[in-house]
Amino acid sequence: MLSFYPGPSKVYPEVLGFIQEAFEEGMVSINHRSPRFEQLLKSTLESLHEKWNIPSDYTIYFISSATEAWEIVSQSLVERKSMHLYNGAFGKKWAHYASQIHPESVSHAFDLQASLSDISGHIDFSGVDTLCLVQSETSNGTGQLIQRSDYPLDPSSIIAVDATSSMGGIMLPWLEADVWLASVQKCMGIPAGLGLLICSPKALARAEKLQKRAHYNDILLMEENRKLFQTHYTPNVLSIFVLHKLTQYLPNLTEIHVQTLEKAKRLEDFWKNQESFELDFLIQNSTLRLPTVLALKGNPTVIQHIKHICLQNQIELGNGYGIWKENTVRIANFPSHTAADFEKLLNTLRHGL
Ligand SMILES: *Cc1c(COP(=O)(O)O)cnc(C)c1O
């Protein structure tokens, strides 16, 4: 089965060999305070910095998921009030959990067809110490440009960004935010069970100021461990090993970025030329479409038909999410999806529709 689900999705075929290698080398049994683990973690962090062009003073932590990262932001970094701007289900969930931790936190739901810079001028940011944004709203396929200058925030405020279905697939403007979070089962193309949290020096300074050490995963505790190239709990060593191998094997993210955009264009062009299919892009403005997740909207029977044709050919497409469950279909364009995979998908659709 070839999966275009927007996560979990197709895993890089190379991963099988890496898992085998981890087993043969005994990596699957190592202790997370052993020199072998420290070497693995050090090398993985260096590879990520290098291949993804992450600023050298930003620090990377391994956690269990993007969802855990939402909670860490609230527990370790928010002083009193976070603000959540969202137009989809993931942003909404994040806002919900954050408000349980900090009751003063507020949120603004905005229109599906609007950009963050369109709406930011109409919002009162007073008292906001942490702004939480979603770069990749996987539920509806919106991709937002993240830039600090869009928000009239107090200079001490920090910005946290959920980039779960874009990190590893496109270049992200690291300097434009203080926290970036993601999970590996989307653009990183490995099995689920590992999350990444990336922090700027300003985010770490906030953690220092707040001195939160109440939770096992508070940033200060994670940072103390990271300095020793260890982790705050026994992590998913197998996934870290696989991510390390893959990062070394794959080209620089600038190259992957170009490939992602090329494949996205191919997919968009295909649908643009298929007006008789009665499907439309859920996100009208192409500059607001996430290149890594395409959402198409249409009559539920047409949506069913398309998914059915694909399934008959061993291809799985993504269901709609939340309120879009019945009338949208989502197609992932992750780096693990090759041009040949897309050829197979488009041929199947060409013949079946
Ligand atoms: C998938 C996803 C999440 C949740 O990821 P988990 O690994 O399930 O924690 C959060 N945010 C976005 C935007 C996602 O796409």
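Quick note: residue numbers are just sequence positions, from 1. First listed ligand is number 1; within each ligand, the first listed atom is number 1.
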So, is Trp70 polar-close to ligand 1, with some N/O to N/O distance under 3.5 Å?
no

Determine whether any heavy atom of Gly7 lies closer than 4.0 Å to an atom of ligand 1.
no

Do ligand 1 and Glu68 have nitrogen or oxygen atoms that lie under 3.5 Å from each other?
no

Anything under 30° is parallel, anything over 60° is perpendicular, the rest tilted; go ahead and classify Tyr233 against Tyr216.
tilted

The side chain to side chain contact (heavy atoms under 4.5 Å, CB included) partner of His49 among Ile198, Thr44, Ile60 is Ile60

Return yes or no for this condition: an N or O of Gln185 is under 3.5 Å from an N or O of ligand 1.
yes

Step by step, would you call Asp341 with Lys10 a salt bridge (charged side-chain N to carboxylate O under 4.0 Å, His left out)?
CA-CA 10 Å; Asp341 291 336; Lys10 181 188 171 190; 2.7 Å; yes

Between Asn327 and Lys297, do the side chains contain a donor N or O and an acceptor N or O under 3.5 Å apart?
no

Hydrogens and angles aside, do Tyr249 and Glu14 bring a side-chain donor and acceptor to less than 3.5 Å of each other?
yes

Protein heavy-atom partner closest to atom 11 (N) of ligand 1 - residue, atom, separation in Å
Asp162 OD2, 2.7 Å

Which of the atoms in ligand 1, numbered in the order shown and given with their element, are less than 4.0 Å from a heavy-atom of Ser136?
13 (C)

Return the closest protein heavy atom for atom 9 (O) of ligand 1 as residue, atom name and distance.
Thr67 OG1, 2.6 Å

Any N or O on Lys186 sitting closer than 3.5 Å to an N or O of ligand 1?
yes

Given Ser166, Ala89, Ser183, which has its nearest heavy atom closest to atom 7 (O) of ligand 1?
Ser183

Does Lys344 make a cation-pi contact with Phe4 (under 6.0 Å, within 45 degrees of the axis)?
no

Please say whether Thr138 places an N or O atom under 3.5 Å from an N or O atom belonging to ligand 1.
yes

Taking the six-membered ring of Phe281 as reference, does the NZ or CZ atom of Arg289 fall below 6.0 Å from its centre and within a 45° cone about the axis?
yes

